[in-house]
Structure formats: structure tokens, C-alpha cells
Amino acid sequence: MSEIPIYQSIALDMAQRIASGEIAEGAKISGRTLLASHYHVSPETIRKAIGLLKAEQIVEVSQGKEVSVTSQKLASEYLNKYQYMKSVSSYREELELLLQEKRELDRKLEEVVSSLIHFSDRLRNLAPFHPVEVTIPPGAHVIGKSIADIKLWQHTQATLIALRRGSELTISPGSHVILRVQDGLILVGDEQVEERTIQYFSQLDNSGAANS
């Protein structure tokens with residue numbers, strides 16, 4: 001909550017002293033100059049503070065500017081009313097912060113929903129295909145060759161969309177990438193693409209014997 005004006009703070013302090021009995025009903029409160037010296041503020045600030053207490057009928061001011069305490073009960077009510085207003089103001093500020101957070105959350109949610117719809121549209125376009133992962137076995141003739149060299153599409157009608165090497169996944173690997181044993185190639189194609197690719201990879205390199 002934002003800080004209250006100094007004169008209001010002084011009025012609350014004086015009301016607290018009256019409510020607690022420190023300053024009794026009927027007591028005369030020091031003049032503005034003496035009060036200003038006590039609170040280390042200007043006489044004008046004291047005038048405003050006394051004005052608040054007078055408006056609540058906690059004190060009365062005579063023609064000679066003498067200030068008298070009139071009601072301990074009203075001083076207590078003034079303090080209670082301030083605490084209530086302070087709570088309301090605090091709730092209002094908290095509500096405004098929550099609304100700001102909600103607006104930001106709504107904006108982020110809208111972005112996520114938009115991205116999800118975009119991704120779903122892309123995934124729908126892949127629906128006729130069946131993503132599969134085929135691992136290059138030891139001794140395969142494609143080991144040590146680049147992706148461009150193995151002419152994957154010509155031999156298997158498979159489209160390479162990613163390459164898994166250990167714990168790393170590379171989306172759309174470049175044609176210059178050299179293949180290694182145990183590389184996982186993630187492919188899309190028709191229902192037979194996995195079988196054709198496994199058969200193609202099962203061929204041994206020139207140093208090994210052909211599969212029977």
C-alpha cells in the first residue's frame with residue numbers, strides 16, 4: 001500500500017493516544033506551534049491533522065484555537081475505520097496485481113494455443129505417413145557415407161526428417177552428414193518404408209560378405 005500523507009499519520013498517532021487514554025477526554029492539546037515541534041513538522045501540517053480529528057468529532061477547536069479532546073470512543077472508531085479502509089485498499093491493489101497477472105497469462109495462453117493449432121495443422125499434413133526410426137546396424141554399407149551418398153529416397157522411398165545420435169536429435173540433418181553405426185534415422189513414408197529401409201541397411205559394406 002502506498003504511504004499515507006504525513007498529516008494523516010499524525011492524526012492517527014494522536015487518535016491512538018486518545019483511544020488508549022494517554023490523552024484523556026477533556027484534555028487540552030498543545031497549540032499548533034508546540035505540536036509542530038513535537039512531530040517535527042510545519043504548523044500547517046498540524047492544522048491539517050487537527051482538521052481530520054475535528055471532522056471526526058474527536059477534538060474541538062475553540063475560537064482561540066485551543067484544541068480539546070471530546071471523545072475517546074470516536075477516536076477508537078476512527079482507528080478502526082482507517083484499518084478497514086487500509087484493508088480494502090490493500091485488497092484492491094492485490095486484485096489489480098492479480099488482474100494484471102491474469103491478462104499476461106491470457107496472452108501467453110493465446111500464444112500457446114495459436115502455436116498448438118499451427119503444429120496440429122502441420123501434423124495433419126503428415127497424417128498419411130508413418131514416422132519410424134531405423135538404426136544403422138554394424139557392417140552396413142552406408143556407414144562412413146554421407147546422407148547424400150546413400151541416395152535414401154531412390155532406394156527406399158523414405159524421407160529423412162531427423163537423425164538421432166546418442167542422446168542428440170538433429171532435425172533435418174544436412175546432406176553432408178556422415179553416417180555412423182547405431183545412428184537412428186527417423187523417416188516418413190508409406191507402411192512399407194521401415195521394412196525397405198531395414199533391408200537396405202542390412203546390406204554389408206564391400207569388406208563384408210553379402211547377406212544370405
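Residue numbers run from 1 in the order of the sequence given.
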Would you list the pairs meeting salt bridge (Lys or Arg N to Asp or Glu O under 4.0 Å) in which at least one residue belongs to residues 134-150, sequence neighbours left out?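 Not a single pair qualifies under salt bridge (Lys or Arg N to Asp or Glu O under 4.0 Å).
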
Kindly write out the residues that satisfy ring-ring contact (aromatic ring centres under 6.0 Å, His included) with Tyr200, not counting sequence neighbours, or none if the list is empty.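 So Tyr200 forms a ring-ring contact (aromatic ring centres under 6.0 Å, His included) with His141, His155.
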
[X] with [Y], same ILVMFWY side-chain cluster at under 4.5 Å:
X: Val181; Y: Val142; result: yes
X: Leu160; Y: Trp153; result: no
X: Ile178; Y: Leu185; result: no
X: Leu97; Y: Leu99; result: no

Is a side-chain N or O of [X] found less than 3.5 angstrom from the main chain of [Y], in a donor-acceptor match?
X: Thr197; Y: Val193; answer: yes
X: Thr170; Y: Pro173; answer: no
X: Thr70; Y: Ile58; answer: yes

Are Glu66 and Lys28 within salt-bridge range, i.e. N to O under 4.0 Å?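 Yes.
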
Min side-chain heavy-atom separation Ile186-Val134 under 4.5 Å: no

Minimum side-chain heavy-atom gap Leu53-Glu60 below 4.5 Å: no

Sequence neighbours excluded, which residues qualify as side chain to side chain donor-acceptor pair (under 3.5 Å) partners of Arg107? Glu104, Glu111

Report the residue from Arg103, Lys108, Lys102 that forms a salt bridge (charged side-chain N to carboxylate O under 4.0 Å, His left out) with Asp106. Lys102

